[in-house]
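Every chain is numbered from 1, with letters handed out A, B, ... down the list of sequences.
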2 protein chains.
Amino acid sequence: MRIGEVAAAAGVSPRSLRYYEERGLLTSVRSSSGQRHYAQDAVERVRWIQALYAAGLSSRAVAELLPCVHTGVATDAMLAGLSAERTRIDTQIRDLTSTRDRLDAVIAAANDHSRECAADRSASSTA
Amino acid sequence: MRIGEVAAAAGVSPRSLRYYEERGLLTSVRSSSGQRHYAQDAVERVRWIQALYAAGLSSRAVAELLPCVHTGVATDAMLAGLSAERTRIDTQIRDLTSTRDRLDAVIAAANDHSRECAADRSASSTA
DNA sequence: CCCACCTCTGACGTCAGCGTCAAGGCTCAG
DNA sequence: CTGAGCCTTGACGCTGACGTCAGAGGTGGG
């Protein structure tokens with residue numbers, strides 16, 4: 001697959017794929033003219049990269065941990081890194097959940113307040 | 001409270017508080033010499049700002065929505081904004097949860113692989 | 001009154017993950 | 001063979017949330 005195909009399939013820009021290669025996250029085979037060609041699983045790999053970025057990992061962390069995500073083989077250090085990130089993500093989920101719930105409370109309070117004001121207006125208009 | 005106190009209590013830098021003020025997220029009263037003084041609830045407000053940043057809101061969005069978080073009063077537009085962000089956060093939580101679970105699967109697979117290799121080594125040594 | 005410590009404004013630095021532009025080369029359907 | 005549309009490298013730009021530094025002034029315990 002050429003770079004545009006992979007980019008379209010993964011929903012990112014060609015620029016991103018070149019950036020990933022620069023960072024050591026993604027490899028390609030070059031044709032004689034220098035054009036990049038990717039294996040089929042590159043698309044899935046890119047999706048992993050995006051997911052890990054979205055989870056707050058740095059490109060450095062992704063570069064270190066992505067190999068064992070694909071190969072299933074991990075050194076002790078890699079396993080430790082994976083677990084650390086997993087824990088971080090878990091904490092993040094809890095924080096977000098807390099924020100969401102507090103936001104729900106705010107929304108509910110604002111709705112209540114709106115209804116109160118509507119009731120006030122209704123009462124004053126009927127008075 | 002002076003800026004350093006608030007910063008320490010909220011776990012951020014004074015620089016951040018000045019930045020928040022610049023962005024319209026936080027207000028202070030100035031002494032005659034120009035030094036900032038904050039009300040007690042500034043600390044909680046800063047914690048809200050941090051939580052909303054962590055949830056991926058821009059400072060612009062925070063500036064728009066933070067007032068009704070504190071006052072409980074919201075216009076229709078603000079309510080819509082709050083709900084939109086709430087939905088975004090919810091989606092983000094689901095994505096993170098999915099990533100975490102997939103990461104768990106990877107970790108489990110890597111552990112299995114480690115055990116297999118250990119078993120292989122054990123078998124070859126007994127052969 | 002002094003001195004250590006806090007605070008002020010203004011301005012430039014940083015870092016990541018790309019966007020974007022320039023100037024050129026490759027590909028392939030017609 | 002030609003032109004539309006892909007691709008290449010290199011390099012600068014951008015955005016947000018601050019960090020950091022300089023040079024100056026406020027503050028309060030002893």
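To the nearest angstrom, P of D:dT8 lies 13 Å from CD of A:Glu22. A straight line from CZ of A:Arg30 to P of D:dC6 spans 19 Å, rounded to a whole angstrom. In this entry the distance linking CZ of B:Arg23 with C1' of D:dA17 reads 10 Å, nearest Å. Here the C1' atom of nucleotide D:dA17 and the OH atom of B:Tyr19 are 5 Å apart, to the nearest Å. Remark: P of D:dC7 and CD of A:Glu21 are 14 Å apart, rounded to the nearest angstrom.
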Please tabulate, for the side chains in residues 39-50 of chain B, all donor-acceptor contacts under 3.5 angstrom to protein atoms that are two or more places apart in sequence or on a different chain.
unit_1	atom_1	unit_2	atom_2	d
B:Arg45	NE	B:Leu25	O	2.8
B:Arg45	NH2	B:Leu25	O	3.2
B:Arg47	NH2	B:Ala9	O	2.8
B:Gln50	OE1	B:Tyr20	OH	2.6

Distance-only criterion, 3.5 Å: show the donor-acceptor pairs between side-chain atoms of residues 96-108 of chain B and protein atoms not counting sequence neighbours.
unit_1	atom_1	unit_2	atom_2	d
B:Thr97	OG1	B:Ile93	O	2.7
B:Thr99	OG1	B:Asp95	O	3.1
B:Arg100	NH1	A:Asp90	OD1	2.5
B:Asp104	OD1	A:Arg86	NH1	2.7
B:Asp104	OD2	A:Arg86	NH1	2.5

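The stretch residues 83-96 of chain A does not touch DNA chain D, since none of its heavy atoms comes less than 4.0 Å from the strand. Listed in residue order, the members of residues 32-62 of chain B having a heavy atom less than 4.0 Å from DNA chain C are B:Gly34, B:Gln35, B:Arg36. Shown for residues 2-18 of chain B: residues whose heavy atoms fall under 4.0 angstrom of DNA chain D, namely B:Ser13, B:Arg15, B:Ser16.
For B:Ser32, there are no side-chain hydrogen bond (donor to acceptor under 3.5 Å, both in side chains) partners, not counting sequence neighbours. A:Glu5 meets the side chain to side chain contact (heavy atoms under 4.5 Å, CB included) test with A:Met1, A:Arg2; sequence neighbours excluded. Listed by chain and number, the residues in a side-chain hydrogen bond (donor to acceptor under 3.5 Å, both in side chains) with B:Arg88 are B:Glu85 (sequence neighbours excluded). Taking B:Thr27 as the reference, nothing meets the side chain to side chain contact (heavy atoms under 4.5 Å, CB included) condition, with sequence neighbours excluded. Checked against side-chain hydrogen bond (donor to acceptor under 3.5 Å, both in side chains), A:Ser59 has no partners two or more places apart in sequence or in another chain. Remark: A:Arg36 pairs with A:Ile3, A:Arg18, A:Glu21, A:Ser28, A:Arg30, A:Tyr38 by the side chain to side chain contact (heavy atoms under 4.5 Å, CB included) rule, at least two apart or across chains.
Although no hydrogens or angles enter the test, the distance criterion places no donor-acceptor pair under 3.5 Å between the side chain of B:Ser16 and the main chain of B:Val12.
At least one side-chain heavy atom of B:Leu57 sits under 4.5 Å from a side-chain heavy atom of B:Leu65.
Sorted by first then second residue, the salt bridge (Lys or Arg N to Asp or Glu O under 4.0 Å) pairs that include residues 61-77 of chain A, not counting sequence neighbours, are A:Arg60-A:Glu64.
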